[in-house]
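Working notes for the structure below.
The chains referred to below are lettered A, B, ... by the order of the sequence lines, with proteins before strands, and numbering in each begins at 1.
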Amino acid sequence: KAGVTQTPRYLIKTRGQQVTLSCSPISGHRSVSWYQQTPGQGLQFLFEYFSETQRNKGNFPGRFSGRQFSNSRSEMNVSTLELGDSALYLCASSLQGSGTGELFFGEGSRLTVL
Amino acid sequence: QKEVEQNSGPLSVPEGAIASLNCTYSDRGSQSFFWYRQYSGKSPELIMFIYSNGDKEDGRFTAQLNKASQYVSLLIRDSQPSDSATYLCAYSGGVSSGSARQLTFGSGTQLTVLP
């Protein structure tokens, strides 16, 4: 069974640009959650999508957005990048939702903002 | 105050010893608790969950939960060098998390098992 796939794995952007990250969950999983991981803040919840609907959102500015497609694949977008957005962005899929705790994480997309 | 507090470590134990990892949380409404392990350069993976007060054992791992004290711990018996990783405590179902569906993580404790 294929795991969670995130693309791209690494990317470098400059301030002010925007970026789109992609996540393909485990087959059959309808929930996709996104987390930002930094050395100082740890894992911070961004948002969760379930069956194409955003059903929970963390405390991030509106520059962070996402969506989910009918095949459960999800994208997140960060506009007007800032230096502080440099982080590892992790996607996690779940069969019934992130609150059940059983999340399967992808390898992450490491974003560097210069 | 952070919602989930963990000693960042590093925590070092000799091979074969018991490693004790601790976590306190502030949200009294928290219902479910989880321990994730994250190897350096890798993504987190779930190793234990516990919902009820008391102990839960799974192989060399024991999770302990005390909701009155808002405390959850993970014991690793017969620690092996392969257990060296960062251990993340997480909870769901809290009031402050917004809904039962959000998983809130601590910053993690870095464990090193010395051969």
* Is the CG atom of A:N59 crowded by more than 12 outside heavy atoms at less than 6.0 Å? ->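 At most 12 heavy atoms, drawn from other residues, nucleotides or ligands, come within 6.0 Å of this atom.
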* To do: State whether the number of non-hydrogen atoms from other residues, nucleotides or ligands found under 6.0 Å of A:R15 atom CZ is greater than 12.
  =>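 Check fails, neighbour count at 12 or below.
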Please say yes or no: joined through hydrophobic side-chain contacts below 4.5 Å, possibly via intermediate residues, are [X] and [Y] part of one cluster?
X	Y	result
A:F64	A:L11	yes
B:L75	B:M48	no
A:L111	A:W34	yes

Check each atom of [X] against the heavy atoms of chain B and say whether the ones under 4.5 Å are side chain, backbone, both or neither.
X	result
A:Q44	neither
A:L90	side chain
A:Y35	side chain

* Is there a donor-acceptor pair under 3.5 Å between the side chain of B:S43 and the backbone N or O of A:G106? ->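 Judged by distance alone, yes, a pair lies under 3.5 Å.
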* Considering only heavy atoms, which portion of B:F49 lies under 4.5 Å from any heavy atom of chain A: side chain, backbone, both, or neither? ->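 Neither part.
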Report yes if the side chains of [X] and [Y] come closer than 4.5 Å at any heavy-atom pair, otherwise no.
X	Y	answer
B:P44	A:L43	yes
A:L103	B:L46	no
B:Y36	A:F105	yes

* Minimum-distance pair of heavy atoms, taken over all atoms of B:G41 and A:E107 ->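 For B:G41 versus A:E107, the nearest heavy atoms are O-OE1, 4.3 Å.
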* To do: Just give me the residue among B:K42, B:Q38, B:E45 that pairs up with chain A most often, heavy atom to heavy atom, under 4.5 Å.
  =>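 Top option by heavy-atom pairs under 4.5 Å: B:Q38.
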